[in-house]
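Worksheet: one structure, shown below.
These values consider heavy atoms only, across backbone and side chains, with no hydrogens, waters or symmetry-generated copies. In what follows, every chain begins at residue 1, and chains take the letters A, B, ... in the order their sequences are listed.
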Amino acid sequence: MEINWTEIENKWRSKWIENKDFEANPNEKPKKFITVAYPYPNSPQHIGHGRTYTLADVHARFYRMQGYNVLFPMAFHYTGTPILGMAKRVEANDKELIDNLKNLYGVPEESIKEFVEPIKIADYFHEEIKTGMIEMGYSIDWRREFTTIDPVYSKFIEWQINTLREKNLIIQGSHPVGWCPKDQNPVSQHDTLGDVEPDFTEYVIIKFKFEDYIIPTATLRPETVFGVVNLWVNPEIIYKKITVDDEKWIVSLECAYKLEFLDKKITYDGEIKGSELIGKSVTVPHREESIIMLPANFVESGTGTGVVMSVPAHAPFDYQALEDIKKTHLEPELFTKINQIVPISIIETEGYGENPAKEAVKKFGVVDQNDPKLEEATKEVYGKEFYGGKLKSNTEKFSGIKVAYAKDTIKDWLIENKHADILLELTNTPVKCRCGAECVVKVLNNQWFLNYGDKDWKKLATKCFDKMNILPQEIKSEFNYVIGWLRERACARQHGLGTKLPWDKDWIVESLSDSVIYMAYYTISKFVNDKTITAKNLSKEFFDYVFLDKGNVKKISEITKISEDTINEIKKEFQYFYPVDSRHSGRDLVPNHLTFFVLNHVAIFPESNWPKEIVVNGSVLMNGSKMSKSMGNIIPLRKAIQDYGADPIRLAIIISAELLQDADFNMESVSGIQNKIESLYQECSRLKEDKIENLEAEDRWILSKTQNMILQVTTAIEKMRLREALHDILFAFESDLNWYMKRTKAKNRENISGILHQINSMRVAMLSPFAPHIAEEMWEKLGHSGFASRSRWPEFSQEDIDAAAIQSEELLKSTIDDVSNILKVTKITPQKITIYTADSFKSKIYHSILEKVMVGQTNMGSVMKELIANPDTSDVKRIPDFVQKTIKDILSEPTEIRQKKLESKEFDEKSFLVDELTELGEKDFGVDIQIFSESDSNLYDPKGKARHARPFKPAILIE
RNA sequence: GCGGGAGUCGCCCAGCCUGGUCAAAGGCGUAGGGCUUAGGACCCUAUAUCUCAGGAUUUCGUGGGUUCAAAUCCCACCUCCCGCACCA
């Protein structure tokens with residue numbers, strides 16, 4: 001019987017909707033508030049997104065069945081810049097993008113035409129994603145849906161950002177960004193050709209005096225200013241004489257252009273050829289020493305200032321250039337000067353002598369200054385010196401400091417003394433804007449920052465993290481680390497969709513900053529959607545009252561024109577559902593969103609409303625590799641639902657990996673799961689409710705095992721180990737069930753359908769959070785009324801566990817295993833099988849050995865001594881190897897089973913095996929089975945095997 | 001460099017926190033058998049090595065250590081992956 005997934009899924013989805021099953025309102029029940037990071041609708045969701053939502057949905061459904069009033073809402077994050085870039089590209093008729101939209105995303109042509117408007121893009125994918133979520137069966141309360149550009153949401157963000165500012169957590173400063181000079185706009189990855197992220201570094205410009213001018217050199221290693229012995233100038237370059245603020249500089253044209261964007265006033269005064277500078281002297285700042293300018297062709301006009309300082313003791317390039325120049329034909333005067341240059345060694349590093357640069361050049365076998373091996377040599381010296389080096393005494397007050405620390409200290413000191421400046425430069429040039437212009441680095445002034453570097457703020461956040469349940473545990477240290485290094489973060493941008501800064505309308509609240517406490521907004525969005533509240537008249541006082549319980553309701557009612565009762569009802573809604581009980585997200589959001597989420601909550605809300613739990617999941621791979629547009633292996637979720645059905649996708653995603661691992665989605669796992677579900681479905685269609693009476697040994701056993709499974713599944717889900725839980729329900733339990741079927745078949749029992757019905761009802765109930773649609777169908781087939789998703793989560797009961805039944809069943813299994821094992825090894829065809837159980841004397845000794853082992857006594861000699869000392873067991877000396885083997889038996893069992901054996905009384909192995917093994921064994925092996933106790937008087941024991949019998953390990957004779 | 005994670009029996013992957021049920025689950029693959037007109041699906045058996053009595057041996061990145069007992073705990077090392085920002 002093949003399952004028509006679409007039909008079944010549609011059927012149950014509409015029933016749930018009819019019943020308003022997922023709409024949660026405050027009531028007398030305990031609540032759980034589960035949230036997931038809302039999507040940014042710039043593309044359809046794929047299976048990777050589906051994972052996070054599915055995990056959260058399972059969580060929500062689980063809590064619902066456990067009797068909680070669960071709120072699981074969803075919204076859409078319109079704020080941000082990517083869709084702006086997309087709209088621009090559509091307008092420019094960008095073929096690559098349009099092809100992707102058409103073929104990869106399946107967007108109809110008429111919709112693409114509208115995509116020149118950013119909001120249309122968001123609206124389109126919003127609907128697309130939402131439909132997918134509904135099709136996946138997510139138990140979302142859609143009455144609370146919103147987008148982040150709704151007017152009331154903007155009011156909410158204004159309140160949030162004002163509140164933070166009042167607490168002095170927002171500060172102003174300057175900030176560098178990638179910048180398109182043509183568009184006059186910041187650029188990010190989405191705005192560039194080829195989607196490259198503009199990446200920049202900070203150079204320190206060191207100012208050398210040359211007559212009336214300053215010749216600046218750019219360096220990444222300001223500490224080496226103490227080791228400069230000459231400058232390198234490219235004789236081919238025509239340098240510009242410029243005025244920078246009130247100083248006169250000589251730099252390359254490219255450098256002058258870059259400086260224009262770095263908040264400096266530039267005027268162009270004239271030019272000078274590089275060759276004209278050769279041989280002339282400049283003064284080293286602070287040291288006031290005169291050094292010479294020399295030619296070098298590795299100096300590029302586009303990098304830094306076009307002039308480089310030379311530190312031949314520590315920079316392989318400089319060392320090599322100096323060696324090269326000695327071999328060229330120069331004026332004798334200059335030649336003498338060059339020969340007088342002695343490298344100054346300023347850093348002491350283990351493994352290096354006086355001149356690390358020279359050593360590295362030798363080691364790598366560098367030929368001349370154009371040798372690419374110089375890059376490697378440089379990398380090695382820089383790396384070793386930076387992390388392992390210390391400054392020598394010729395660096396004055398910095399002597400003895402580690403290079404890693406000295407770098408910043410010396411930079412600050414140089415800048416303070418006006419010996420240096422900062423130059424920011426793109427490292428991955430050229431970065432081209434989508435408009436075609438080449439990007440630069442620009443310093444934006446008056447940028448607004450959230451001061452995440454604030455110590456008190458960090459302390460509060462750490463406190464919250466410490467109290468929080470973070471799943472999986474391993475990720476917690478990552479959060480602590482992030483909190484540690486976090487500094488100011490820009491919280492406003494100049495373009496993109498979003499809410500304007502209330503006090504500075506040139507800026508828009510940046511999208512990671514307007515999505516940190518929005519979970520609170522879900523409690524009021526319901527009232528926005530039913531028009532109880534509108535943006536008009538919404539004031540700070542209103543939000544203060546609802547979210548912080550501050551202020552006077554009467555006054556607020558006057559301001560907002562909303563009735564006091566309504567305001568109080570809204571407040572009650574918030575107070576009921578808050579705090580967030582569980583926040584689900586992908587692990588890529590750990591160092592940003594999730595951390596900000598906590599930081600902003602602790603800043604704004606009182607401790608009682610701090611979030612309680614964070615659940616982080618890994619990503620989804622497609623057949624073992626990452627999903628990417630270029631690979632073309634992105635499967636849109638809705639396409640996958642059409643192809644495989646929602647439930648198989650949910651199950652495949654969950655079963656393929658535990659939380660933090662990357663889940664590999666592939667066809668095999670989907671069809672494997674489909675088959676499994678189909679057979680369970682058939683099973684459910686057959687079973688009818690029946691009475692359960694006269695429990696036999698195997699009944700008590702399977703019921704005990706069922707209880708075990710319930711316990712395992714429940715605790716696994718509580719820890720969000722969903723893979724384990726699902727595995728226990730679907731697969732692990734199957735082998736127990738198979739054994740049970742085998743047992744009952746051997747006994748020709750007819751009266752087991754009641755038990756199977758009961759067991760499978762519990763399985764289906766537990767399956768319901770994972771595969772909600774098919775579980776409902778199975779539930780119906782089993783003859784239950786109502787929804788499986790509304791049924792009570794099976795409860796573990798210790799009383800239903802029959803330790804004796806488990807033990808005896810294990811004995812039966814291991815005896816059969818042993819027989820098969822012997823048959824396999826000996827390859828004989830059995831004529832007759834005889835089993836001998838141990839006599840009661842051995843059981844007695846077994847128990848006393850067990851007691852001793854349980855208290856840690858495992859030494860054969862001392863156990864033996866004690867046994868002999870006791871008159872009850874002194875006969876043991878006749879069978880010394882029995883003691884040895886028994887200790888081994890016991891040690892090879894887990895502690896809990898030992899404990900159970902210790903607690904339970906001895907049981908009559910012989911009569912149990914006579915009852916249960918005879919028929920089963922005859923079926924399995926096709927011969928008669930006789931069972932004796934080794935102490936029986938009518939013992940049949942031609943080979944003397946009986947004496948080898950041990951408790952739980954009967955002796956066997958096969959003829 | 002800093003921070004995090006991983007290395008398991010042909011492949012994917014569980015087990016490690018809490019040592020003993022571990023020659024190590026599950027899936028895939030492979031081989032044989034059943035069912036079927038055929039294919040698929042399904043079911044059974046086997047799948048480190050040796051072994052004609054239920055056993056033995058060598059295995060969980062490498063090398064040490066702790067323990068009666070180590071895939072699991074401790075130490076060192078090797079290799080691989082991810083993050084290091086103002087971008088969702």
Identify all pairs in which a protein N or O lies below 3.5 Å from an N or O of nucleotides 42-46 of chain B, and state each distance.
from, atom 1, to, atom 2, distance (Å)
B:C42, OP1, A:Asn675, ND2, 2.8

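Separating the C1' atom of B:G20 from that of B:G15 is a span of 14 Å, rounded to the nearest Å. With C1' as the reference atom, B:C2 and B:C17 are 26 Å apart, rounded to whole Å. Taking atom P in both B:C11 and B:G61, the straight-line distance is 13 Å, to the nearest Å. B:U59 sits 14 Å from B:A23 when the P atoms are compared, rounded to a whole Å.
Contact between the side-chain N/O atoms of A:Arg487 and the OP1/OP2 oxygens of B:C84 is not found at any separation under 4.0 Å. Close to B:G26, at under 4.0 Å from its OP1 or OP2, lies no side-chain N or O of A:Arg723. OP1 or OP2 of B:A88 lies within a sub-4.0 Å distance of a side-chain N or O belonging to A:Thr81. Between A:Arg721 and B:G15 there is a side-chain N or O to OP1 or OP2 distance below 4.0 Å.
Comparing B:A88, B:U18, B:G54 by their nearest atom to the side chain of A:Lys719 picks out B:U18. With B:C87, B:A53, B:G55 as the choices, the nucleotide that has an atom nearest any side-chain atom of A:Lys953 turns out to be B:G55. The side chain of A:Leu486 sits closest to B:A85 out of B:A88, B:A85, B:G4. For A:Ile958, taking side-chain heavy atoms from C-beta onward, the closest of the listed nucleotides B:A88, B:A53, B:A85 is B:A53. The side chain of A:Gln661 has B:A6 as its nearest neighbour among B:A88, B:A6, B:G4. The side chain of A:Asp818 lies closest to B:G54, out of B:G54, B:C86, B:C87.
With rounding to whole Å, A:Gln494 atom CD is found 16 Å from B:C86 atom P. Following rounding to the nearest Å, A:Leu722 (CG) and B:A14 (C1') show an atom-to-atom distance of 15 Å. At whole-Å resolution of the value, CG in A:Leu957 and P in B:C52 are 19 Å apart. Spacing between atom CG of A:Leu660 and atom P of B:C17 amounts to 19 Å, rounded to whole angstrom units. Going from atom CG of A:Asp736 over to atom P of B:G26 covers 12 Å, rounded to whole Å. In this structure, the NZ atom of A:Lys945 is 8 Å from the P atom of B:G54, given to the nearest Å. In this structure, A:Leu726 atom CG and B:A14 atom C1' are separated by 14 Å, rounded to whole Å. At whole-Å resolution of the value, NE2 in A:His727 and C1' in B:A14 are 8 Å apart.
Using a 4.0 Å heavy-atom criterion, one finds that A:Ala955 contacts the bases of the nucleic acid, with or without backbone contacts as well. Contact annotation for A:Leu450: no contact, since no heavy-atom pair falls under 4.0 Å across all strands. Residue-level contact check: A:Asn821 touches the backbone only, with heavy atoms under 4.0 Å from sugar-phosphate atoms and none from bases.
For B:C77, the paired nucleotide is B:G61, the pair qualifying as Watson-Crick or G-U wobble because both relevant distances are below 3.5 Å. Figure legend. B:A38 is base-paired to no nucleotide; pairs are counted as Watson-Crick or G-U wobble with both atom distances under 3.5 Å.
For A:Tyr481 against B:C84, a side-chain-to-base donor-acceptor contact under 3.5 Å is absent.
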How far apart are the C-alpha atoms of A:Asp514 and A:His77, what are their side-chain angles, what is the distance that settles it, and do they pass the side chain to side chain donor-acceptor pair (under 3.5 Å) test?
CA-CA 9 Å; A:Asp514 82 347; A:His77 197 197; 3.0 Å; yes

Can you check side chain to side chain donor-acceptor pair (under 3.5 Å) on A:Gln682 and A:Ser685, steps first, answer last?
CA-CA 5 Å; A:Gln682 284 169 27; A:Ser685 311; over 6 Å; no

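Comment: A:Asp818 engages A:Lys953 in a salt bridge, judged by a side-chain N to carboxylate O separation of less than 4.0 angstrom.
A:Tyr452 and A:Trp457 have tilted rings, their planes meeting at an angle from 30° to 60° on a 0 to 90° scale. The aromatic rings of A:His126 and A:Tyr78 lie perpendicular to each other, with more than 60° between the two planes, well past the 30° mark.
A donor-acceptor contact closer than 3.5 angstrom links the side chains of A:Glu809 and A:Trp739.
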